[in-house]
Amino acid sequence: MTTRRKASKEMLRITQVRSKIGNQERVKKVLTDGLGLGKIGSSVVLPDNGYTRGMVAKVAHIVKVEPVGE
């Protein structure tokens with residue numbers, strides 16, 4: 001028997017606050033391809049789940065994360 005998690009309706013606003021220049025290539029790929037950020041000051045709203053949290057953990061020194069109230 002498996003348990004399923006309910007779909008999380010919580011969202012996160014992720015804002016880029018530092019440049020990706022000088023970082024490893026894999027960090028740049030997570031920032032641009034995974035999160036969809038590219039310029040300082042740009043932000044995206046993504047669901048709060050394990051995939052998003054993992055990407056944020058990889059680039060935590062470049063981004064600012066805040067919950068979005070619904």
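Counting begins at 1 with the first residue of the sequence. Computed from heavy atoms alone, side chains included, the values below leave out hydrogens, waters and symmetry copies.
- Rounded to the nearest 0.5 angstrom, I62 CD1 and R18 CZ are separated by 8.0 Å.
- Each of T15, V17, L31 was compared with V63 under the side-chain contact (heavy atoms from CB on, under 4.5 Å) criterion, and only L31 meets it.
- E66 meets the side chain to side chain donor-acceptor pair (under 3.5 Å) test with no other residue; sequence neighbours excluded.
- The 12-atom threshold is not exceeded at NZ of K58, counting heavy atoms of other residues, nucleotides or ligands nearer than 6.0 Å.
- With values rounded to the nearest 0.5 angstrom, L46 atom CG is found 6.5 Å from M11 atom CE.
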| query | Can T52 and I14 be said to form a side-chain contact (heavy atoms from CB on, under 4.5 Å), step by step? | reply | CA-CA 10 Å; T52 305; I14 304 164; 3.9 Å; yes
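- Within the 4.5 Å cutoff, the side chain of R53 has heavy atoms near those of the L12 side chain.
- The CE atom of M55 sits 14.5 Å away from atom NZ of K29, with the distance rounded to the nearest 0.5 Å.
- Pairs engaging residues 31-40 under the salt bridge (charged side-chain N to carboxylate O under 4.0 Å, His left out) rule: none recorded [sequence neighbours left out].
- For the pair G38 and K20, the tightest heavy-atom approach, listed with the atom from each and the gap, is O-CE, 4.4 Å.
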